Amino acid sequence: MESSLIPFSAVHKRDGRIDGRDGLVSRSFWRCSAGQKGALLLRRAVERVTMNLRGAADGRAEWVGFSRWLNNPSVTAEEIAVHSADALSERATGLHVLAIQDTTELNYAKHAGRVRGLGPSGNGRDPGLFVHPTLAIAADSGALLGLAGMQIWTREGPASANYRRLPVEVN
């Protein structure tokens, strides 16, 4: 039996999946894997210099896909950091590398009623968290090689009033 839209002969099973790529559509009918979704999000974020999901997506369907990927319990910050570090080790072999660390505060004051699991942000009142990424930079060219490490941290209580007197590292 043939469809009026896609000839039956063009749709067949390939690698256990239904495929309709034989000159009729630009890609197969199955969804991309979780790894491919993450790679696409990263590529778009770099190309478009944004971490806004809507800005990284080409349309609502892709935006929903990115949101679902980030909300997938199998996708964790630790897993992303480990994968990034593994990929970085291949790129950095034989290079003089600078590791640059910074702290970024994410303040969720506008979403206070809808978020859970956050501690006080830098002002001590609003819900938020802190991200401590370490970027690897090629010393000779200044090229960004990738994410060398990342720590995500939330405060358990209010910020210390005497934070300037606290030791830099607490063991």
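Just so we're clear, the structure is a prediction, and the values are computed from it rather than from any experiment. Residue numbers run from 1 in the order of the sequence given.
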Which residues pass the salt bridge (Lys or Arg N to Asp or Glu O under 4.0 Å) test with E156, sequence neighbours left out?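 In terms of salt bridge (Lys or Arg N to Asp or Glu O under 4.0 Å), with neighbours along the sequence ignored, E156 is linked to no residue.
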
Taking [X] for its side chain and [Y] for its backbone only, find out whether a donor-acceptor pair lies under 3.5 Å.
| X | Y | result |
| --- | --- | --- |
| Q101 | T134 | no |
| R155 | G119 | no |
| N71 | S67 | yes |
| E79 | V75 | no |

Same cluster (ILVMFWY, side-chain, under 4.5 Å), L41 and I80: yes

Hey, what do you get for [atom1] ([X]) to [atom2] ([Y]), rounding to the nearest 0.5 Å?
| X | Y | atom1 | atom2 | value |
| --- | --- | --- | --- | --- |
| N107 | R125 | CG | CZ | 9.5 Å |
| L88 | L145 | CG | CG | 6.0 Å |
| W153 | T103 | CH2 | OG1 | 9.0 Å |
| R116 | H111 | CZ | NE2 | 14.5 Å |

Salt bridge K110-D126, side-chain N to carboxylate O under 4.0 Å: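 No, K110 and D126 are not salt-bridged.
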
Taking only residues at least two apart or on different chains, which pairs with a member in residues 82-98 satisfy side chain to side chain donor-acceptor pair (under 3.5 Å)?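 As it turns out, there is no side chain to side chain donor-acceptor pair (under 3.5 Å) pair with a partner in residues 82-98 once direct neighbours are skipped.
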
